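Since this is a predicted model, take the numbers as computed values, not measurements.
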Amino acid sequence: MSWTYRLLYAIGFTPWDRGIPAELQQVVSGPDSLPPGRALDLGSGLGRKAIFLASNGWEVIGVEMVPRAVARAQRRATEAGVQVDFRVGDVTRLETVGLTPGFDLLFDFGCYHGLNDRQREQYSAGLLPLAAPSATLLLMGFRKALPPVPKGVSAAELLERFPGWQLVWERPVTSAITAAMRRADSAWFRLRRGTDSGSHPPSDL
């Protein structure tokens, strides 16, 4: 997958870099918003979402494997007048990125769904120790496989990867949707750590 994204960034084809999703805006300022804290943007790309969080009082670290994207994200943050710590790194090897535990928000806009089963296991194994006791995971993923995405994402799988977490809600993607996102039945998943994982609220589907 890494060469695919390197090529897409090189030619400037980045459809995932479009606006700020309504779901992320709700986490920042909606009725069930979180107080500003530490946020980790997984697969931070060109930095648009990380910069939005930083502009709203969050302390943000973005991890992205494509150096070209990280360099541009850093320039964007400087232009926006905010501080974001962008790092070149692999989300399946977070132990090598030098992160300190205690993240209140884990944000993933289309990174996890591009991983195979082994990589997803490595992703969650590296992420779990970094999460604060009551952390929130906000993740957008394809529920159906659509190349180059090898496998769809489900709430059941995420709860298996994140034991002790609870599904707060699952919602279909409706804002800034692309044709590919529509074909892949894209959805948002919001999970919370430190609650009774034996009972899950119904999704909004």
Nearest heavy-atom pair of [X] and [Y]: which atoms, and what distance?
X: F86; Y: A77; result: CE1-CB, 4.0 Å
X: L146; Y: A180; result: CD2-O, 3.4 Å
X: P67; Y: V88; result: CA-CG2, 4.1 Å
X: P36; Y: G57; result: CB-O, 3.4 Å
X: A145; Y: P150; result: CB-O, 3.7 Å
X: L94; Y: L99; result: CD2-CD1, 4.1 Å

Taking the six-membered ring of F107, is NZ or CZ of K49 closer than 6.0 Å to its centre and within 45° of its axis?
-> no
Salt bridge flag under 4.0 Å for residues [X] and [Y]:
X: D32; Y: R192; answer: no
X: D117; Y: K151; answer: yes
X: E79; Y: R72; answer: no

With no hydrogens and no angle check, is any side-chain donor or acceptor of [X] less than 3.5 Å from a backbone partner on [Y]?
X: H113; Y: F142; result: yes
X: S186; Y: R182; result: no
X: R87; Y: G98; result: yes
X: D185; Y: R143; result: no
X: S154; Y: E157; result: yes
X: E23; Y: W188; result: no
X: E64; Y: G45; result: yes
X: R120; Y: T92; result: no
X: R93; Y: Y123; result: no
X: R161; Y: S124; result: no

Between V91 and the options V97, L40, L42, the side-chain contact (heavy atoms from CB on, under 4.5 Å) test singles out L42
Exercise. Quick one: do L128 and W165 satisfy side-chain contact (heavy atoms from CB on, under 4.5 Å)? Show the steps, please.
Key: CA-CA 10 Å; L128 283 168; W165 293 57; 3.4 Å; yes
Side chains of [X] and [Y]: does their closest heavy-atom pair fall under 4.5 Å?
X: L105; Y: R38; result: no
X: S134; Y: D104; result: no
X: F189; Y: L137; result: no
X: E170; Y: R190; result: no
X: L191; Y: L106; result: no
X: T136; Y: L34; result: yes
X: L158; Y: Y112; result: yes

Could you measure the distance from the [atom1] atom of [X] to the [atom2] atom of [Y]? Nearest 0.5 Å is fine.
X: E160; Y: E121; atom1: CD; atom2: CD; value: 9.5 Å
X: Q74; Y: D85; atom1: CD; atom2: CG; value: 8.5 Å
X: I61; Y: L130; atom1: CD1; atom2: CG; value: 9.0 Å
X: F109; Y: M140; atom1: CZ; atom2: CE; value: 4.0 Å
X: Q119; Y: D90; atom1: CD; atom2: CG; value: 7.5 Å

- Would you check, one step at a time, whether the test side-chain contact (heavy atoms from CB on, under 4.5 Å) holds for V60 with I51? CA-CA 8 Å; V60 189; I51 291 169; over 6 Å; no
| task | Kindly indicate, with the supporting measurements, whether the criterion side-chain contact (heavy atoms from CB on, under 4.5 Å) is fulfilled by D108 and L138. | result | CA-CA 6 Å; D108 182 333; L138 182 64; over 6 Å; no
Kindly determine whether V27 and S33 satisfy side-chain contact (heavy atoms from CB on, under 4.5 Å), including the steps that lead there. CA-CA 4 Å; V27 164; S33 62; over 6 Å; no
*Inspect the surroundings of CD in E95 and state if more than 12 heavy atoms from other residues, nucleotides or ligands are less than 6.0 Å away.*
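For E95, atom CD is crowded (more than 12 foreign heavy atoms under 6.0 Å).
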